Amino acid sequence: MSLAPNSTCFLARRKRLLKAIGDGVAVVPTAPERVRNRDSHHPYRFDSYFWYLTGFPEPEAVVVILGGDSPQSILFCREKNEEREIWDGYRHGPEGAREAFGFDAAYPIGELDQRLPELIADRAALWHSLGHDAEWDARIAAALNAVRAQARAGKRTPREIRDLRAALDAMRLVKDDGELDTMRRAAAISAAGHARAMRHCRPGMAEYELEAELTHEFRRRGAAGHAYTPIVAGGANACVLHYVENDRLLPDGGLVLIDAGCELDGYAADITRTFPINGRFSPAQKDAYEIVLAAQAAAIAAIRPGAPFMAYHDAAVRVLAQGMIDLGLLAGSVDGVVESEAYKRFYMHRTGHWLGLDVHDAGDYKEQREGGEWIRLAPGMTLTVEPGLYVRPAADVPAALHGIGIRIEDDVVVTADGGEVYTDAPKTVAEIEEVMREETLRHD
Ligand code: GLY
Ligand code: MN
Ligand code: MN
């Protein structure tokens with residue numbers, strides 16, 4: 001069998017990891033299958049770190065990466081099993097997986113505990129995701145103790161246990177070309193889902209009907225599904241940041257906020273759009289919307305190589321603070337509102353996060369040292385830009401703004417000289433009203 005598509009990029013990543021681990025050994029398990037209730041399982045999702053290094057999709061798999069002069073990647077996976085394959089589907093089996101995914105050796109997963117001590121013996125360092133899974137910590141400890149028990153036979157136990165995730169996080173932070181290509185495709189599918197939701201939106205529909213339009217578009221175009229639980233929040237529900245019930249009716253005259261992105265080949269898109277349920281922004285909605293849009297534009301303009309991670313948040317906050325003053329939500333100066341953090345009443349989250357295999361992706365935000373600074377942006381990093389404005393009804397805020405919740409979220413890749421927005425769903429007031437009008441005409 002020839003190499004699986006793209007397995008060269010996984011080989012290249014394993015090679016890069018070898019540079020970090022020197023002559024150490026890394027043990028990287030995938031995620032377990034998880035029971036949902038009784039004998040029903042959640043849809044299987046591999047572990048992001050394991051996937052990043054292998055592209056191997058099956059559960060019950062572990063890759064052991066040996067550094068040093070003759071580096072090796074060894075896969076442990078399920079054996080072929082005709083009976084189980086009839087019920088549950090294809091299994092590569094160790095030999096098939098070795099060939100298809102470019103491993104140096106492969107063994108049945110049942111042999112892992114027996115082989116692990118000999119694989120980690122005589123290595124200076126063992127790299128493992130310590131502290132993330134108690135069962136795995138115990139398994140690694142058992143392997144270490146098995147080597148210690150052979151001390152008199154001359155076996156040396158690794159003296160150092162190193163944080164594997166820290167090494168991989170640094171790699172995952174800067175996307176390679178294969179990753180960027182997948183993320184762009186995930187973004188295109190997700191943007192199509194948002195446009196579809198806009199076209200199908202009608203007052204009186206349930207929020208879950210719009211969720212269904214997104215799901216339809218994601219699956220129709222080959223995505224695995226949602227990368228995270230989608231938010232479809234009509235009216236004042238948009239002021240609940242993690243609203244996921246999606247079970248209310250969409251009020252005529254209100255806005256709806258949709259935060260949804262698909263997962264494609266393991267990679268997430270993360271898009272939010274907010275639009276008028278009846279297809280036309282009211283003057284107050286438009287004023288508020290334009291402020292969030294301007295905040296997003298200012299944030300995007302602040303993204304460039306060398307800029308500290310927090311710079312684009314700060315840029316968004318200043319525009320939002322001015323907007324809050326203009327709308328009569330706050331009094332005083334921009335500097336005063338920023339300094340006192342009064343803006344947090346209406347904008348209480350950060351303006352974005354790393355994006356990749358995980359929607360809130362791996363990677364530090366601050367340097368890992370005493371007094372460390374914000375990480376500086378570099379080409380190939382991918383992040384979201386998602387300013388918002390959330391006005392809960394209260395006696396001291398203008399009535400026209402009560403219950404307005406707006407967020408606009410796009411995905412950006414840092415380029416050689418700036419930031420490129422690679423999510424393209426209708427966004428300006430004119431674009432949104434145009435898309436929503438198109439469908440109305442077709443239905444009339
Ligand atoms: N959808 C999760 C987020 O926007 O951070
Ligand atoms: Mn989002
Ligand atoms: Mn986000």
Side-chain angles (χ1 to χ4, degrees), residues 193-217 226 228-261 271-293 295-296 320 323-324 327-329 345-349 386-409 425-444:
H194 280 269
R196 182 186 181 93
M198 287 176 194
R199 288 198 304 271
H200 283 76
C201 186
R202 298 286 178 277
M205 284 173 85
E207 293 164 341
Y208 52 73
E209 293 181 76
L210 289 187
E211 179 182 332
E213 297 301 339
L214 286 142
T215 308
H216 175 97
E217 200 64 24
H226 291 269
Y228 53 90
T229 308
I231 295 169
V232 181
N237 295 337
C239 297
V240 178
L241 295 180
H242 290 164
Y243 178 81
V244 290
E245 287 79 3
N246 302 352
D247 60 357
R248 297 303 181 89
L249 300 184
L250 296 167
D252 196 359
L255 298 172
V256 58
L257 180 157
I258 300 183
D259 185 342
I271 300 179
T272 306
R273 288 293 182 266
T274 309
F275 53 92
I277 289 162
N278 64 16
R280 301 281 298 175
F281 285 89
S282 73
Q285 288 166 350
K286 183 168 180 294
D287 289 347
Y289 189 87
E290 297 284 14
I291 287 163
V292 180
L293 196 57
Q296 201 209 32
L320 289 169
M324 291 171 199
L327 290 173
L329 292 169
R345 178 174 171 198
F346 305 106
Y347 181 51
M348 55 299 281
H349 60 78
E386 49 181 305
L389 183 69
Y390 312 93
V391 188
R392 289 171 165 273
D396 61 341
V397 298
L401 298 171
H402 283 193
I404 285 186
I406 296 168
R407 180 163 64 256
I408 306 171
E409 177 173 27
K427 185 159 71 169
T428 65
V429 166
E431 284 167 355
I432 289 171
E433 291 189 344
E434 172 71 25
V435 164
M436 298 186 76
R437 197 161 40 232
E438 276 170 24
E439 182 67 8
T440 308
L441 290 175
R442 223 176 302 152
H443 275 258
D444 280 348

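Quick caveat, the model's predicted, so the values are computed rather than measured. What you see below is based on every heavy atom in this structure, not just the backbone, and it leaves out hydrogens, waters and symmetry mates.
Partners of Asn237 by side-chain hydrogen bond (donor to acceptor under 3.5 Å, both in side chains), not counting sequence neighbours, listed by chain and number: Glu207, Tyr243. Here His216 pairs with nothing under the ring-ring contact (aromatic ring centres under 6.0 Å, His included) rule; sequence neighbours left out. Checked against side chain to side chain contact (heavy atoms under 4.5 Å, CB included), Glu209 has the following partners two or more places apart in sequence or in another chain: Met205, Ala206. Applying the salt bridge (charged side-chain N to carboxylate O under 4.0 Å, His left out) test to Arg280 and every residue at least two apart in sequence or in another chain returns Glu433. Listed by chain and number, the residues in a salt bridge (charged side-chain N to carboxylate O under 4.0 Å, His left out) with Glu290 are Lys286 (sequence neighbours excluded). For Tyr289, the ring-ring contact (aromatic ring centres under 6.0 Å, His included) partners two or more places apart in sequence, or in a different chain, are Phe281. Taking the side chain to side chain contact (heavy atoms under 4.5 Å, CB included) definition, one finds that Ala295 meets it with Ala316, Val319, Leu320, Pro387, sequence neighbours left out. Among residues two or more places apart in sequence or in another chain, the side-chain hydrogen bond (donor to acceptor under 3.5 Å, both in side chains) test is passed with Tyr208 by none. In this structure Glu213 satisfies the side chain to side chain contact (heavy atoms under 4.5 Å, CB included) test together with Arg196, His200, sequence neighbours excluded. The salt bridge (charged side-chain N to carboxylate O under 4.0 Å, His left out) search around Glu409 returns none, not counting sequence neighbours. Listed by chain and number, the residues in a side chain to side chain contact (heavy atoms under 4.5 Å, CB included) with Thr229 are Val244 (sequence neighbours excluded). For Arg345, the salt bridge (charged side-chain N to carboxylate O under 4.0 Å, His left out) test picks out Asp396, with sequence neighbours left out.
In this structure, CG in Leu293 is found 4.5 Å from CD1 in Ile408, a value given to the nearest 0.5 Å. The CE atom of Met348 sits 7.5 Å away from atom SG of Cys239, with the distance rounded to the nearest 0.5 Å. Between Leu214 atom CG and His226 atom NE2 the span is 6.0 Å, to the nearest 0.5 Å. Atom-to-atom distance recorded for Thr272:OG1 and Glu386:CD is 6.0 Å, nearest 0.5 angstrom. Rounded to the nearest 0.5 Å, atoms CG (Asn278) and CG (Asp252) are 5.0 Å apart. To the nearest 0.5 Å, atom CG of residue Leu210 and atom CD1 of residue Ile258 are 5.0 Å apart.
The shortest non-hydrogen separation linking Cys201 to Val256 is SG-CG1, 4.5 Å. Here the shortest heavy-atom pairing between Pro251 and Ile277 reads O-CD1, 3.2 Å. Pairing each heavy atom of Gly204 with each of Leu249, the nearest pair is O-CD2, 3.6 Å. Heavy atoms only, all atoms of each residue included: Ala288 and Leu401 are closest at CB-CD2, 4.5 Å.
The main-chain N or O of Ala425 is found under 3.5 Å from a side-chain atom of Arg273 such that the two form a donor-acceptor pair. Formation of a donor-acceptor pair under 3.5 Å by the His194 side chain with backbone atoms of Pro426 is not found in this model. Within the 3.5 Å criterion, the main-chain N or O of Lys427 finds a donor-acceptor partner in the side chain of Glu431. Under the 3.5 Å distance criterion, the side-chain polar atoms of His402 are left unmatched by any main-chain donor or acceptor of Arg392. Remark: the backbone N or O of Leu327 is not paired with any side-chain donor or acceptor of Asp287 at under 3.5 angstrom. Remark: side-chain polar atoms of Asp259 are not paired, donor with acceptor, to backbone N or O of Ile231 under 3.5 angstrom.
Side-chain contact between Pro276 and Ile432: present, with at least one pair of heavy atoms (C-beta onward) separated by less than 4.5 Å.
For an aromatic pair to be called close, the ring centres must be under 6.0 Å apart, and His349 with Tyr390 satisfies this.
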